[in-house]
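Here the structure comes first, spelled out in structure tokens, and everything after it is commentary.
Note that the structure is predicted; figures quoted are calculated from it, not measured. Every heavy atom of this structure was used, including side-chain atoms; hydrogens, water molecules and symmetry mates were not.
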Amino acid sequence: MEEKKQLIEEIKKLIVVNEEDSIDINPNFLQYFEVDELNSIKSDLEVKKRNISKTSLDFLDKLYEKTKKDKI
């Protein structure tokens, strides 16, 4: 049970975009998930968060290059 609580807390942290936001997950809903399912959810969120960061950086790089060309 402790492992499940820890996973839920980690998932909540991954969901938060803004540190000031509070994400409350209904504990009754989470009771339906097994530890392996929570691990999968956590893993999926980690991948999505990494990909969003990379996509954002790629976009900003392209934007920077475009504005640099426009100034020349």
Side-chain angles (χ1 to χ4, degrees):
M1 190 62 165
E2 186 61 37
E3 181 182 8
K4 192 171 183 174
K5 286 181 182 180
Q6 178 65 33
L7 282 168
I8 290 168
E9 287 305 309
E10 291 173 9
I11 289 169
K12 287 167 62 173
K13 287 178 185 175
L14 286 167
I15 292 172
V16 171
V17 175
N18 182 350
E19 294 297 326
E20 296 172 2
D21 291 345
S22 173
I23 303 295
D24 292 322
I25 298 173
N26 184 339
N28 294 326
F29 177 70
L30 292 172
Q31 289 179 12
Y32 293 104
F33 292 103
E34 297 297 325
V35 170
D36 60 331
E37 293 170 313
L38 290 170
N39 274 317
S40 177
I41 291 168
K42 179 185 169 201
S43 177
D44 288 347
L45 286 169
E46 288 171 334
V47 168
K48 287 180 182 182
K49 201 159 197 165
R50 276 194 305 270
N51 288 342
I52 287 172
S53 295
K54 176 152 179 31
T55 302
S56 297
L57 287 175
D58 289 347
F59 173 76
L60 290 174
D61 284 344
K62 288 177 185 176
L63 185 61
Y64 173 74
E65 290 301 318
K66 182 178 178 354
T67 57
K68 202 166 85 173
K69 288 178 184 175
D70 290 344
K71 289 185 175 184
I72 296 177

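For Lys5, the NZ atom sits in a loose shell: 12 or fewer heavy atoms of surrounding residues, nucleotides or ligands are nearer than 6.0 Å.
The line from CD1 of Ile11 to CG of Leu45 is 6.5 Å long, rounded to the nearest 0.5 Å. Glu46 CD to Asn51 CG: the interatomic distance, rounded to the nearest 0.5 Å, is 12.0 Å. Note: Ile41 CD1 to Leu7 CG = 9.5 Å, rounded to the nearest 0.5 Å.
Salt bridge Glu9/Lys12: present, at least one basic N to carboxylate O contact under 4.0 Å.
The main-chain N or O of Asn39 is never found under 3.5 Å from a side-chain atom of Ser43 such that the two would form a donor-acceptor pair. In this structure, Ser56 contributes its side chain and Ile52 its backbone to a donor-acceptor pair below 3.5 Å.
Closest of all the heavy-atom pairs between Lys4 and Val35 is CB-CG2, 4.4 Å.
Side-chain polar atoms of Glu10 and Gln6 form a donor-acceptor pair below 3.5 angstrom.
Residues Ile15 and Ile8 fall within the same hydrophobic cluster, defined by Ile, Leu, Val, Met, Phe, Trp and Tyr side chains chained together at heavy-atom separations under 4.5 Å.
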